[in-house]
Asker: 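Below is the structure I would like to discuss, written out as structure tokens.
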Amino acid sequence: MQKVQGSQDRRLSSWIMLLLSAACGLIVANLYYAQTLVGPIHDAIGLSSAAAGFIVTVTQIGYVIGLLFIVPLSDVIENGRLTVIMLMVAVAALLTAGFAQTAAWFLSASLFIGIGSAVAQILVPLAAFLASEEERGRVVGSVMSGLLLGIMFARPLASFIAGIWDWRAIFVISAAVTFLLAAVLGYALPYRKPSPAVRYGQLILSLGAILHRTPALRRRALYQAFLFGAFSLFWTVVPLHLADTFGMSQSGIAWFALVGVAGAIAAPMAGRLADRGWSRRLTGLAMVTAFMSFLLIHLFASHSVPALILLFISAITLDMSVSGNLVISQRAIYSLGSEARGRLNGLFMSIFFIGGAIGSSVGSWSYAQGGWKLTSLIGTLLPVLALIYFLTESRTTGAKNITVTKNQM
């Protein structure tokens with residue numbers, strides 16, 4: 001591992017930024033492989049249809065556990081070593097899932113897949129630390145675009161591989177890729193051991209203090225929770241809608257999922273514009289875009305080709321709004337304090353990820369109760385709630401940069 005240069009003259013090299021982007025995408029994809037494979041998985045491991053939702057939920061629970069209890073360790077433990085350890089946990093869990101014959105083994109493995117995959121949220125703030133202040137937005141945007149591409153490619157990739165071989169193949173392949181990634185990152189990551197060191201108990205207890213004393217973090221987390229809730233609601237329900245309304249096969253749905261990849265282009269663009277002071281305007285634009293994305297497909301829902309085209313367009317614009325606002329928000333919270341950056345990121349990600357889990361659950365319920373009309377109406381309301389909350393933010397509050405000091409650690 002290389003020593004990090006002084007903060008005044010450091011500049012993140014292009015190949016390290018590319019490595020971090022690819023790593024985040026490959027790691028976070030592990031969270032989403034099972035989403036399109038719930039059917040064959042629950043048949044193979046003997047899980048009832050009513051309990052099949054646990055296949056995805058347990059992974060999400062593991063991810064939140066990792067965000068809250070493992071990611072904060074990046075503020076006290078050398079980041080490269082912690083990254084390799086977590087990746088090896090993910091490798092073991094992926095192999096276990098790939099060869100599991102019972103529900104107990106598979107669900108246990110899923111929990112640790114989520115915990116190990118939280119390492120992506122160590123690499124993103126590490127990239128922000130390695131970057132200079134002037135390029136931080138661009139760097140975070142580029143790394144997050146890799147992470148978002150991993151999210152968007154995971155679902156169709158899992159479906160395609162399961163169609164060629166078997167659902168177990170994606171977990172075994174991902175285990176091999178993750179093992180190689182751990183070796184590369186262990187060699188290439190610059191050395192970074194934060195200071196001062198604190199006890200683990202103090203570290204976890206400090207999360208409450210940081211959340212309480214950092215209004216900018218609370219605001220940004222809630223903005224993203226509403227938008228990610230809408231995003232999760234859409235991608236949970238749209239496969240059912242495409243199959244029921246347009247008669248799409250699993251292969252057709254997988255191709256539709258690839259459309260969302262185009263939304264990742266917003267991440268680096270938003271990062272660059274945020275560096276120029278456009279954060280507030282872009283935040284409002286993201287919320288309005290998400291609202292319009294859902295409003296159009298709610299008003300013009302039918303079995304027609306134009307309605308299907310609108311779904312394609314909305315998938316892109318919704319993904320752009322969510323990914324763009326994510327980068328803007330992360331850039332803002334990474335400016336709050338370098339010594340607590342891991343905890344700031346862990347809190348931010350866990351709050352908005354909970355919003356996504358709620359969005360998925362509400363989407364499943366609303367589609368069962370009222371079909372696409374009720375679901376798209378709820379999806380329309382979520383960005384509106386974010387926008388109403390955003391309008392209560394004064395310009396001075398939005399601009400004020402509250403630093404997390406050592407006293408809050």
Side-chain angles (χ1 to χ4, degrees), residues 18-45 52 55-56 58-60 62-63 87 90-91 93-100 106 109-110 113-114 116-120 123 143-182 184 231-232 234-240 242-243 248-265 267 311-312 315-316 318-320 322-323 356 360:
L18 179 61
L19 174 62
L20 290 173
S21 300
C24 286
L26 291 169
I27 293 166
V28 82
N30 292 328
L31 299 170
Y32 296 92
Y33 290 136
Q35 286 193 340
T36 55
L37 304 176
V38 168
I41 290 174
H42 86 73
D43 288 340
I45 63 177
I55 292 171
V56 176
V58 170
T59 308
Q60 294 174 333
Y63 191 63
L87 286 176
V91 168
L94 286 163
L95 287 173
T96 302
F99 292 101
F106 185 87
S110 296
I113 288 173
S117 296
V119 70
L123 297 179
V143 173
M144 286 305 300
S145 66
L147 185 148
L148 291 164
L149 284 171
I151 293 174
M152 294 167 186
F153 272 119
R155 299 179 185 94
L157 180 63
S159 293
F160 288 137
I161 289 180
I164 297 171
W165 291 300
D166 181 70
W167 68 265
R168 298 179 185 276
I170 187 64
F171 292 98
V172 176
I173 292 171
S174 184
V177 171
T178 303
F179 181 82
L180 292 174
L181 182 63
V184 173
F231 172 91
S232 298
F234 178 87
W235 285 106
T236 297
V237 176
V238 79
L240 301 173
L242 291 171
M248 275 196 183
S249 64
Q250 189 65 38
S251 176
I253 293 170
W255 283 110
F256 179 88
L258 286 173
V259 172
V261 173
I265 65 172
L311 273 175
F312 275 85
I316 296 172
L318 179 63
D319 288 4
M320 289 181 70
V322 174
S323 61
S360 296

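As a basis for the values below, the full set of heavy atoms in this structure was taken, side chains included, without hydrogen atoms, waters or symmetry mates. Start at 1 with the first residue, then count along the sequence.
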Asker: Please find out if less than 6.0 Å separates the ring center of Phe256 from that of Trp235.
Answerer: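 Yes, close enough.
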
Asker: Can you give me the closest heavy-atom contact between Cys24 and Ala120, atom names plus distance?
Answerer: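 Answer, listing the atom of Cys24 first, then Ala120: SG-O, 3.8 Å.
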
Asker: For Ala97 versus Ala109, what's the shortest heavy-atom pair and its separation?
Answerer: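 Result for this residue pair: N-CB, 3.6 Å.
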
Asker: Would you name the heavy atoms of Ala175 and Val91 that are closest together and state the gap between them?
Answerer: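 In this case the closest contact between Ala175 and Val91 is O-CG2, 3.7 Å.
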
Asker: Could you tell me which non-hydrogen atom of Ala23 sits nearest to which non-hydrogen atom of Leu123, and how far apart they are?
Answerer: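 What the structure gives for the nearest pair is CB-CD1, 3.9 Å.
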
Asker: Quick one: side chain to side chain contact (heavy atoms under 4.5 Å, CB included) partners of Tyr32, sequence neighbours excluded?
Answerer: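 Side chain to side chain contact (heavy atoms under 4.5 Å, CB included) check on Tyr32 returns Val28, Gln35, Ile151, Ala154, Arg155, Phe228, Phe353.
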
Asker: Could you walk me through whether Ile113 and Thr96 pass side-chain contact (heavy atoms from CB on, under 4.5 Å), step by step?
Answerer: CA-CA 10 Å; Ile113 288 173; Thr96 302; over 6 Å; no

Asker: If you look at every heavy atom in Leu181 and Ile27, which pair is closest and at what distance?
Answerer: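 Closest pair (atom of Leu181, atom of Ile27, distance): CD2-CG1, 3.7 Å.
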
Asker: To check you understand the geometry: which heavy-atom pair defines the closest contact between Leu31 and Gly114, and what is its length?
Answerer: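 Reported closest heavy-atom pair: CD2-CA, 3.8 Å.
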
Asker: Starting at CZ of Phe231, measure out to CG of Asp319 and round the result to the nearest 0.5 Å.
Answerer: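 If I round to the nearest 0.5 Å, the distance is 4.5 Å.
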
Asker: For the OG atom of Ser110 and the OH atom of Tyr63, what is their distance to the nearest 0.5 Å?
Answerer: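 If I round to the nearest 0.5 Å, the distance is 15.5 Å.
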
Asker: Holding to side chain to side chain contact (heavy atoms under 4.5 Å, CB included), I want the full list of residues that pass it with Ala100, two or more places apart in sequence or in another chain.
Answerer: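 Ala100 satisfies side chain to side chain contact (heavy atoms under 4.5 Å, CB included) with Trp105, Phe106 once adjacent residues are dropped.
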
Asker: Is there any side chain to side chain donor-acceptor pair (under 3.5 Å) pair reaching into residues 162-174, and which pairs are they, with sequence neighbours excluded?
Answerer: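 Residue pairs passing side chain to side chain donor-acceptor pair (under 3.5 Å), neighbours aside: Asn30-Ser174.
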
Asker: Kindly write out the residues that satisfy side chain to side chain contact (heavy atoms under 4.5 Å, CB included) with Val172, not counting sequence neighbours, or none if the list is empty.
Answerer: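 In terms of side chain to side chain contact (heavy atoms under 4.5 Å, CB included), with neighbours along the sequence ignored, Val172 is linked to Phe99.
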
Asker: Only counting residues at least two apart or in another chain, list the ones meeting side chain to side chain contact (heavy atoms under 4.5 Å, CB included) with Leu157.
Answerer: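 For Leu157 the side chain to side chain contact (heavy atoms under 4.5 Å, CB included) partners, ignoring immediate neighbours, are Tyr33, Ile161, Ile170.
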
Asker: Listed by chain and number, what are the ring-ring contact (aromatic ring centres under 6.0 Å, His included) partners of Phe179, not counting sequence neighbours?
Answerer: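 Here no residue qualifies.
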
Asker: Could you pull out all residues at least two apart from Phe153 that satisfy ring-ring contact (aromatic ring centres under 6.0 Å, His included)?
Answerer: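 So Phe153 forms no ring-ring contact (aromatic ring centres under 6.0 Å, His included) with any residue.
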
